[in-house]
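Beneath this line is the structure, given in structure tokens, with notes to follow.
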There are 2 protein chains.
Amino acid sequence: MTDDIDQLLITALMEDSRRSLKALAQISGLSSPSVAERLRRLEERGVLKGYTVEIDPKCFGYQLQAIVRIRPLPGQLQEVERQIMAIPEFTECDKVTGDDCFIARLHVRSMEQLDTLLDRLNTHAETNTAIVKKTPVKRRLPPMA
Amino acid sequence: MTDDIDQLLITALMEDSRRSLKALAQISGLSSPSVAERLRRLEERGVLKGYTVEIDPKCFGYQLQAIVRIRPLPGQLQEVERQIMAIPEFTECDKVTGDDCFIARLHVRSMEQLDTLLDRLNTHAETNTAIVKKTPVKRRLPPMA
DNA sequence: GCAACTGGTCGATGTCATCAGTCATGGCGA
DNA sequence: TCGCCATGACTGATGACATCGACCAGTTGC
């Protein structure tokens with residue numbers, strides 16, 4: 001269903017999604033129409049969900065990054081989820097099992113902003129914040145084999 | 001330094017990084033050589049750090065996703081960091097302030113695999129695992145304005 | 001006020017994507 | 001076992017696109 005060549009193509013695109021079909025053809029040893037067809041099928045099957053860019057938030061003044069664990073007060077779960085989604089500085093959020101209902105990533109320009117944003121949540125939830133010091137593993141793919 | 005047009009280009013590429021220069025030219029109202037030049041400068045300045053793809057880990061059998069908080073035992077910090085980096089199922093890891101030294105994202109195919117991987121860490125660290133049930137906020141950009 | 005720099009357009013050229021047509025292969029039923 | 005169909009690949013022609021050089025307008029600093 002997803003063979004070695006597909007994986008080659010995916011990793012090649014993971015490294016640089018703007019590679020031309022011709023370049024991908026050379027990498028995979030196929031012709032470019034064949035590559036185009038494979039990409040089409042990978043998209044169709046939902047394996048390839050999109051082509052995107054990585055940008056550096058620091059370039060927009062986001063000096064701080066925090067991981068926030070969020071435990072809504074009784075009856076406030078819906079409201080808390082709504083708020084998280086509505087605050088664009090939350091750039092990622094998972095709803096998880098355990099005491100902490102949500103674990104979210106927050107980008108802010110300053111401590112003041114961090115404080116302000118969390119205060120808004122604190123009327124509906126308890127939060128626990130950890131500031132990111134370093135990122136030993138940058139977003140990557142799990143093994144496909 | 002980074003004006004409205006750059007932001008337009010970035011959001012356009014965020015939506016689909018394979019858009020042609022011509023398409024980006026139409027979106028931004030510039031000519032395609034100008035777009036090429038702007039992208040070149042954005043890359044050079046490190047604002048645009050790369051072009052990549054989103055793939056669906058489920059298509060490779062990764063049914064479970066967990067957020068793991070990791071607190072190394074005394075003197076084991078280096079070793080734990082080394083291990084996390086070496087286990088490819090950890091697809092993301094941040095070193096943070098607070099009791100939990102690391103917060104990592106883990107993709108696994110089964111509970112057994114989850115158990116196996118965490119056991120390897122547990123000789124050097126205490127862990128606290130939360131299974132992802134849902135992702136209310138998918139990776140997105142903070143406001144650029 | 002002028003020179004140099006920045007950031008843009010236009011048009012020519014070569015490269016690339018795409019489409020139609022063709023062919024090899026593997027699985028399946030007659 | 002033979003023939004048939006479906007799949008997935010290749011090739012070559014055509015049109016779209018990226019790229020490069022030449023040129024131009026607006027700004028800054030001297």
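In what follows, chains carry the letters A, B, and so on, assigned in the order in which the sequence lines appear, proteins first and then strands, with residues in each chain numbered from 1.
Between A/Glu89 and B/Pro143 the shortest side-chain heavy-atom distance falls below 4.5 Å.
Shown for residues 21-37 of chain B: residues whose heavy atoms fall under 4.0 angstrom of DNA chain D, namely B/Leu21, B/Lys22, B/Ser32, B/Pro33. Residues from residues 39-51 of chain A with heavy atoms under 4.0 angstrom of DNA chain C: there are none. For the contact set between residues 5-17 of chain A and DNA chain D, defined by any heavy atom under 4.0 Å, there are no members.
Legend: residues meeting side-chain contact (heavy atoms from CB on, under 4.5 Å) with A/Asp99, ordered by chain and number and at least two apart, are A/Arg71. In terms of the side-chain contact (heavy atoms from CB on, under 4.5 Å) criterion, residue partners of A/Leu8 (sequence neighbours excluded) are, by chain and number, A/Ile27. With sequence neighbours excluded, the residues satisfying side-chain contact (heavy atoms from CB on, under 4.5 Å) with B/Thr52 are A/Met14, A/Thr52, A/Glu54, A/Arg139. Scored by the side chain to side chain donor-acceptor pair (under 3.5 Å) test, B/Asp4 finds no partners at all (sequence neighbours excluded). Evaluation of the side chain to side chain donor-acceptor pair (under 3.5 Å) rule for B/Ser32 yields no partner, not counting sequence neighbours. For B/Ser31, the side-chain contact (heavy atoms from CB on, under 4.5 Å) partners at least two apart in sequence or on another chain are B/Pro33, B/Ser34.
Fit an axis to the five pairs at each end of the helix from C/dG1-D/dC30 to C/dA30-D/dT1 and the two axes sit 30° apart, to the nearest 10 degrees.
Remark: side-chain polar atoms of A/Arg109 are paired, donor with acceptor, to backbone N or O of A/Phe60 under 3.5 angstrom. Using a distance-only test at 3.5 Å, with no hydrogens or angles considered, no donor-acceptor pair links the side chain of A/Asp100 to the main chain of A/Phe102. Under a 3.5 Å cut-off, the side chain of B/Ser17 and the backbone N or O of B/Leu13 do not form any donor-acceptor pair.
Of the candidates B/Arg140, B/Arg105, B/Lys138, B/Arg105 is the only one forming a salt bridge (Lys or Arg N to Asp or Glu O under 4.0 Å) with A/Glu92.
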Residues 126-137 of chain A, side-chain donor-acceptor partners within the protein, below 3.5 Å, at least two apart:
| residue | atom | partner | partner atom | Å |
| --- | --- | --- | --- | --- |
| A/Thr127 | OG1 | A/Asn122 | OD1 | 3.3 |
| A/Lys134 | NZ | B/Glu81 | OE2 | 2.9 |
| A/Thr135 | OG1 | B/Asp94 | OD1 | 3.0 |

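Counting only residues at least two apart or on different chains, the salt bridge (charged side-chain N to carboxylate O under 4.0 Å, His left out) pairs with a member in residues 8-22 of chain B are B/Glu15-B/Arg19.
B/Arg38 places its CZ atom 11 Å from the C1' atom of C/dT6, with the value rounded to the nearest Å. When the P atom of C/dA17 is taken as reference, atom CZ of B/Arg19 falls 18 Å away, rounded to whole Å.
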